[in-house]
Amino acid sequence: MQLFHCPACGQTLHFENTRCLNCGRDVGYDPDSARMEAVEPDGPVWRRPDGSGGPWRFCENWELSACNWLVPAGDSAMCRACRHNRTIPGLADPGNLLLWQKMEGAKRRLIYALLRLGQGPELPGPHATEPVIFDFPADLGGQAAMTGHADGVITIALAEADDAERERRRTQMHEPYRTLLGHFRHEIGHWYWDRLIRDGGRLEAFRALFGDDRADYAEALRRNYEVGPPADWQARHVSTYAASHPWEDWAETFAHYLHIVDAMEMAQAMQISVGGSMLGRDPYRGVATSDLLSAWMPLSLALNGLNRTVGLNDPYPFVLSDEVRRKLAFVAETLGNEAQPAA
C-alpha cells in the first residue's frame, strides 16, 4: 500500500481517508488512476475543487461509511470493489454494520493490490465466465457461518471481522497468525489457482513444485486436523496449513506474496530501510522475488522486534525456507510480476 496526498493542499492521506484533516475537503479513491482525489459536490456529481476531473459519484456504500471509492458518473452505483458483493449481513443490527465496514475495508485493500498487479478479478455480469463473488454471512440460529471458496464464490464469515472472536479462533486452532485481510488474500488465491494454473497451462510446473493437486482433498484436511503436519513441514511450506494439500499450499503462498509486496510498497512510501534494504523499485511493477525477499527479511525482523518492545505478538511469525522462496517466485511468475534480479 502506498501513501497518498491531498491534491488540494498536499496533506498526507491514507487509503481509508474520506476527508482531508488539513483542508477539510472530501476525498475519495479513484481506482482508474490509483490516486486519491479531493472532490466537491457539483449538483448530483463530484468534481475537483477547480471544477476539473470526473465527474464522479461516490460508491453507493459510501453512504453507509463502508466505502470511499469513486465511480464515474453514469456508471454502476457500486464501485469496482463493491460490485463483487452478493451477500452482506443484515445491517439493521448495528453490530453487523460495524463488522461489515471492517470487511469492506479489507476487501478494498485486496482489490487494490490485484488491480496494481494487473490481475483484477473478473466482475459478475451476464457475460462473465469466471467471476469473483463475495458472500459475508453472519452466524444464524447458533450455526456458525463458514469461510471458504467454491467456484469463484468467496465466503468470509462476518465473525472474522470481530477481533476478539477471531483471536479466540486463532488460539483454538493453534495458529500463529489469523487476520481478516489474510483470509481475503488466501481465499482469492484459490480462484487464481483455477484461472491461472488449472486453466492457464501451468499445471505440470505447479505439480513439480507444490505436489499433485489430484490428492484426495477431504482426506488431506482430515489428516491435517487429526494428525497435524509432517515433522519437516517448515522446510517446505510457509505454514502448517500449507502442508495439508497442494491447493492450500498455493493459497497460503499466494497470500504471503501479497502480504510482502503490499508491505514493501508501504515501506518504500515511508522511506523505511533496515540495514540498507530499500528495494528501490515499485514491487507491483515487476521485481525479482530474490530482491523482494532480500529487502523484506530484515524489515520483517524489525517489525517483529518493534512489536515485542510494546508487548505485542509478531506481525510476521514465519520462516521462509529456500523451497518456500521458490514457491513465492512461482506465484510472482504466474502473476506476471517476476523480473530479473537487480545487477
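Everything numeric in this text was worked out from a predicted model, so none of it was measured. Numbering of residues begins at 1 and proceeds along the displayed sequence.
- When every heavy atom of P131 is checked against every heavy atom of L123, the shortest pair comes out as CB-O, 3.7 Å.
- Using a distance-only test at 3.5 Å, with no hydrogens or angles considered, a donor-acceptor pair links the side chain of Q268 to the main chain of G280.
- Ring geometry, F15 versus W69: the interplanar angle exceeds 60°, so the pair is classed perpendicular (tilted spans 30 to 60°).
- Side-chain atoms of N224 and S244 form no donor-acceptor pair, as typed in the model, at a separation below 3.5 Å.
- Other residues, nucleotides and ligands place more than 12 heavy atoms under 6.0 Å from the CG atom of D232.
- For the pair E37 and R48, the salt-bridge criterion is met [side-chain N within less than 4.0 Å of a carboxylate O].
- Using a 4.0 Å cut-off between charged nitrogen and carboxylate oxygen, D163 and K102 count as a salt-bridge pair.
- Between the side chains of R202 and T334, at least one donor N or O lies within less than 3.5 Å of an accepting N or O.
- Remark: the H256 side chain and the Y316 side chain contain an N/O donor-acceptor pair separated by less than 3.5 Å.
- Counted by atom type alone, D30 and S33 present one or more donor-acceptor pairs between their side chains at under 3.5 Å.
- Note that R198 lies outside the cation-pi zone of F206, set by a 6.0 Å cut-off to the ring centre and a 45° limit from the axis.
- Ion pair D262/R185 flagged as a salt bridge, since at least one NZ, NE, NH1 or NH2 atom sits closer than 4.0 Å to an Asp/Glu carboxylate oxygen.
- Counting only N and O atoms by type, the side chains of H84 and R80 include a donor and acceptor under 3.5 Å apart.
- Using a 4.5 Å cut-off between side-chain heavy atoms of Ile, Leu, Val, Met, Phe, Trp and Tyr, with links allowed through other members, L181 and W191 fall into different hydrophobic clusters.
- The two residues H149 and D194 make their nearest non-hydrogen contact at CE1-OD2, 3.6 Å.
- Side-chain contact check for Q2 and Y284: no donor-acceptor pair (N or O, by modelled atom type) lies under 3.5 Å.
- Salt-bridge check for E122 with R195: passed, with a basic side-chain N closer than 4.0 Å to an acidic carboxylate O.
- In plain terms, the two heavy atoms of W296 and L320 that are nearest each other are CD1-CD1, 4.3 Å.
- For H183 and H186, the distance between ring centers is not under 6.0 angstrom.
- Taking 4.0 Å as the cut-off between side-chain N and carboxylate O, R169 and E160 count as a salt-bridged pair.
- No single ILVMFWY cluster, assembled from side-chain heavy atoms under 4.5 Å apart, contains both V27 and L21.
- Checking E175 against Y241 by side-chain atom types alone, no donor-acceptor pair falls below 3.5 Å.
- Between the side chains of E187 and T147, no donor N or O sits under 3.5 Å from an acceptor N or O.
- Under the 6.0 Å cut-off for aromatic ring centres, F136 and W100 do not qualify, their centroids lying 6.0 Å or more apart.
- Smallest separation of non-hydrogen atoms from P89 and A138: CB-CB, 4.3 Å.
- Checking each of W193, F330, F254 against F210 for a ring pair (Phe, Tyr, Trp, His ring centres under 6.0 Å) leaves exactly one that passes, namely F330.
- More than 12 non-hydrogen atoms from other residues, nucleotides or ligands lie less than 6.0 angstrom from CE of M266.
- Listed for the N307 side chain is a donor-acceptor partner under 3.5 Å among the backbone atoms of N313.
- Under 3.5 Å, the side chains of E323 and H237 contain no donor-acceptor pair of N or O atoms.
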